[in-house]
Chemist: 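Let me give you the structure first, and then I'll get to my questions.
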Amino acid sequence: MSLPVVTRFAPSPTGSLHLGNARTAFFSHLWARKSRGRFILRIEDTDVERNQARFRDELMVDLGWLGLDWDEGPDIGGPSAPYSQSERGAFYQDLFTRLQRSERVYRCYCTAEDLELSRKLQRMAGKPPRYAGTCRNLSAAERADREARGLRPTLRFAVPNEAVIDFDDLVHGPQKFAASDIGDFIIRREDGSAAFFFCNAVDDAVMGVTHVLRGDDHLTNTPRQLMLLDALELRRPGYGHVGLLVGADGAPLSKRHGSTSVHEFRERGFLSPAVLNHLFHLGHASDVDRWLAPADMPAHFRPEHLGRASARFDESQLMHWQKEALQRMSTAEIRAWLGSNEPPEFIDLVRHNIVLPADAAPWVAVVHGELPPLGPEERRVVADAGPAFFSAAAEALDQSGTDLKQLTKLLKERTGRKGADLFMPLRVALTGQAHGPELAPLLLLMTPETARLRLESYAQNS
RNA sequence: GCUCCCUUCGUCUAGAGGCCUAGGACAUUGCCCUCUCAAGGCAAGUACACGAGUUCGAAUCUCGUAGGGAGCGCCA
């Protein structure tokens, strides 16, 4: 077993937990659990405009539902508290001061409009849109002048010109970037708050995170964070960039792909072990491809087999794990999952015909309720049998009651039909569908009156 | 525009020069079982993006090409 690994999940509470984020959180969690290390939850709520307490709470509920428990976090504290970045301002200020003393940063008085214009111009000239360095070498007098005009500065990191930053990506392997391709970037906003590149990197280092797992989209941002950490003489965590989770068409997962948030899948009745089993195989190759109980997953997690390419989300595979999950549930558990008042016999009967809770409704209707209109296949079966068959069936039912064995015995004698020719019309008339659970127990759950009415509705009009 | 990343069956993936006439899982199709569906069993089809090169030998190494994606934000 490897050395203890400290991982984290650092979401910003600006929306509900996305399946892709849930997956990175899951991988991080697995890695920590595999090595008997720690998993940290840190809330990155530095963007006051977009953050909502509601999302923060939802996030924790969703994580909890998935079974991703954290050892340190905003709700339970820990050695590196606080775990919400909105509460870490004083700590960041100290580090800003340190950087200012070492002259690795400078104040930038450019306004957002200035910068946007500059970027536009550069783009038009076919150049990479980078900070022009306007404020990098301001004299004391120039600075005083701008302060006097009431301009509030941001703090920029002065990227060393000739440096080359290399690091070993946990999933991509060796990476090398030229600092000359990177513009000076903002680490403290005009309002004094810490920007992402800064607080994200610094918190990981200072909280003892050893392995940062995140989406591919951060790969080219990593050198910035590394320079920052080096300037501060903070320990560099290992960074691993996993391929993004995308929709069936290969485009980034979005609303038009259907459900994309953990919350939505839960609402539709997906079970968390099913979601976990599916996520376990998306962009990750385990040594097993059969069902795993969540508790057994860490042992089969292979960080060295995390995918570099993006992975497409395919709901049919989730469905498969959902069926597997269902198979492993007790009658009582399924009953609770369905929120059903039906007796256990009913649950046992229909459970194999249900993948999502919505699938139960037709079978409830079969036992007590109205049958929907027949489909094409069902109409054909009824027509093939003919009205005389159903007349005979209704009569036979008077003698047999809801005992299917008796009923079919009598009907066989009277109509000469047997096998599928005998059972199918009965099934269709009684349940409204050509497919479904065993007919005999289903019939037993109906009242004789219901059964008779259903058979008579296809009989010869008398 | 510049920098970086990615590319094996429909999908998720195995594969780190000969074990690959490319394996597994899901999905699909057929057969068996069966009143039907589900489950289970058996079977089938389908993939190394393309082009050069290195090598006795390449899915695996090198270089190009194409396609997709990301970053270059006072968003994270």
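Below, chain A is the first sequence line, B the second, and so on; all start at residue 1. These numbers come from a predicted model, not from an experiment.
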Chemist: Taking A:R107 first and then A:E147, would you say they form a salt bridge - that is, a charged N and a carboxylate O separated by under 4.0 Å?
Modeler: yes

Chemist: To the nearest Å, how far apart are A:L219 CG and B:rC5 C1'?
Modeler: 6 Å

Chemist: Taking only residues two or more places apart in sequence or in another chain, which ones pass side chain to side chain donor-acceptor pair (under 3.5 Å) with A:D166?
Modeler: none

Chemist: Between A:D203 and A:R88, is there a side-chain N and carboxylate O pair less than 4.0 Å apart?
Modeler: yes

Chemist: Can you tell me which residue pairs pass the salt bridge (charged side-chain N to carboxylate O under 4.0 Å, His left out) test with a partner in residues 347-367 of chain A, sequence neighbours excluded?
Modeler: A:D348-A:R351

Chemist: How far does the C1' atom of B:rA49 sit from the matching atom of B:rC31, given to the nearest Å?
Modeler: 36 Å

Chemist: Mind checking the P distance from B:rA70 to B:rU54? Whole angstroms is fine.
Modeler: 37 Å

Chemist: Roughly how many Å apart are B:rG40 and B:rU7, using the C1' atom of each and rounding to a whole number?
Modeler: 37 Å

Chemist: Hey, what do you get for OH (A:Y109) to CZ (A:R143), rounding to the nearest 0.5 Å?
Modeler: 6.0 Å

Chemist: What's A:G243 touching, base or sugar-phosphate or nothing? Going by heavy atoms closer than 4.0 Å.
Modeler: nothing

Chemist: Tell me whether the side-chain N/O atoms of A:H284 come closer than 4.0 Å to OP1 or OP2 in B:rU13.
Modeler: no

Chemist: If I take atom NE2 in residue A:H172 and atom P in nucleotide B:rA70, what distance separates them, rounded to the nearest angstrom?
Modeler: 14 Å

Chemist: For the P atoms, the ones on B:rC75 and on B:rG64, what distance do you get once it is rounded to whole angstrom?
Modeler: 38 Å

Chemist: Rounding to the closest angstrom, what is the interatomic distance between B:rU60 and B:rG23 at atom C1'?
Modeler: 15 Å

Chemist: One character per nucleotide, please: for nucleotides 71-76 of chain B, 5' to 3', B when the base has a protein heavy atom closer than 4.0 Å, S when only the sugar-phosphate does, - otherwise.
Modeler: SBSBSB

Chemist: Reading nucleotides 58-65 of chain B from the 5' end, what letters show protein touch, with B for base, S for backbone sugar-phosphate only, - for no heavy atom under 4.0 Å?
Modeler: --------

Chemist: For A:R312, give me all partners under salt bridge (Lys or Arg N to Asp or Glu O under 4.0 Å), at least two apart in sequence or on another chain.
Modeler: none

Chemist: Show each protein N/O and nucleotides 9-11 of chain B N/O combination with a separation under 3.5 Å, one pair to a line.
Modeler:
residue: B:rU11; atom: O2'; partner: A:Q317; partner atom: NE2; Å: 3.3
residue: B:rU11; atom: O2; partner: A:Q317; partner atom: NE2; Å: 2.5

Chemist: With both distances kept under 3.5 Å, what pairs with B:rA70, Watson-Crick or G-U wobble?
Modeler: B:rU3

Chemist: Not counting sequence neighbours, which residues clear salt bridge (Lys or Arg N to Asp or Glu O under 4.0 Å) with A:R417? List them please.
Modeler: none

Chemist: Pick the P atom in B:rG17 and in B:rC26, then give their distance to the nearest Å.
Modeler: 30 Å

Chemist: Could you check which nucleotide pairs with B:rC31 in any of the strands shown, counting Watson-Crick or G-U wobble with both distances under 3.5 Å?
Modeler: B:rG41

Chemist: In whole angstrom, give the distance that lies between atom CG of A:D287 and atom P of B:rA14.
Modeler: 12 Å

Chemist: Considering only the C1' atoms, how many Å lie between B:rA43 and B:rC6, rounded to the nearest integer?
Modeler: 36 Å

Chemist: Starting at NE2 of A:H241 and ending at P of B:rU3, how long is that distance when rounded to a whole Å?
Modeler: 20 Å

Chemist: Tell me, which pairs form a side-chain hydrogen bond (donor to acceptor under 3.5 Å, both in side chains) where one or both residues lie in residues 424-440 of chain A, sequence neighbours left out?
Modeler: A:E377-A:H435

Chemist: Strictly below 4.0 Å, N to O, side chains only: are A:R328 and A:E324 in salt-bridge contact?
Modeler: yes

Chemist: On a whole-Å scale, what distance lies between the C1' atoms belonging to B:rA16 and B:rA58?
Modeler: 12 Å

Chemist: Are A:R302 and A:D287 ion-paired here, with the side-chain N under 4.0 Å from a carboxylate O?
Modeler: no

Chemist: Which donor-acceptor pairs under 3.5 Å do side chains of residues 8-22 of chain A form with protein atoms, sequence neighbours excluded?
Modeler:
residue: A:R8; atom: NE; partner: A:D204; partner atom: OD1; Å: 2.9
residue: A:R8; atom: NE; partner: A:D204; partner atom: OD2; Å: 3.3
residue: A:R8; atom: NH2; partner: A:D204; partner atom: OD2; Å: 2.8

Chemist: So how far is it from A:Y131 OH to A:S118 OG, rounded to the nearest 0.5 Å?
Modeler: 8.5 Å

Chemist: For A:D184, which of A:R224, A:R136, A:R130 qualifies under side chain to side chain donor-acceptor pair (under 3.5 Å)?
Modeler: A:R136

Chemist: Kindly state each residue pair satisfying ring-ring contact (aromatic ring centres under 6.0 Å, His included) with at least one member in residues 162-196 of chain A, sequence neighbours excluded.
Modeler: A:F157-A:F185, A:F185-A:F197, A:F196-A:H218

Chemist: Could you list, one pair per line, each protein nitrogen or oxygen that sits under 3.5 Å from a nitrogen or oxygen of nucleotides 22-24 of chain B, together with the distance?
Modeler:
residue: B:rG24; atom: O2'; partner: A:D289; partner atom: OD2; Å: 2.4

Chemist: Taking only N/O atoms, report every protein-nucleotides 35-45 of chain B pair under 3.5 Å with atom names and distance.
Modeler:
residue: B:rC35; atom: O2; partner: A:R427; partner atom: NE; Å: 3.2
residue: B:rC35; atom: N3; partner: A:R427; partner atom: NH2; Å: 3.0
residue: B:rC35; atom: N4; partner: A:L439; partner atom: N; Å: 3.0
residue: B:rU36; atom: O2'; partner: A:A434; partner atom: O; Å: 2.9
residue: B:rU36; atom: O2'; partner: A:H435; partner atom: ND1; Å: 2.2
residue: B:rU36; atom: O2; partner: A:G436; partner atom: N; Å: 2.7
residue: B:rU36; atom: O2; partner: A:G436; partner atom: O; Å: 2.7
residue: B:rU36; atom: N3; partner: A:R427; partner atom: NH2; Å: 3.0
residue: B:rU36; atom: N3; partner: A:G436; partner atom: O; Å: 2.7
residue: B:rC37; atom: O2; partner: A:N353; partner atom: OD1; Å: 2.7
residue: B:rC37; atom: O2; partner: A:G436; partner atom: O; Å: 3.4
residue: B:rA38; atom: O2'; partner: A:H352; partner atom: O; Å: 3.1

Chemist: Hey, does the side chain of A:H320 come within less than 4.0 Å of B:rA27's phosphate (OP1/OP2), counting only N and O?
Modeler: no

Chemist: Answer yes when A:K418 and A:E413 have at least one side-chain N-carboxylate O distance shorter than 4.0 Å, and no when they do not.
Modeler: no

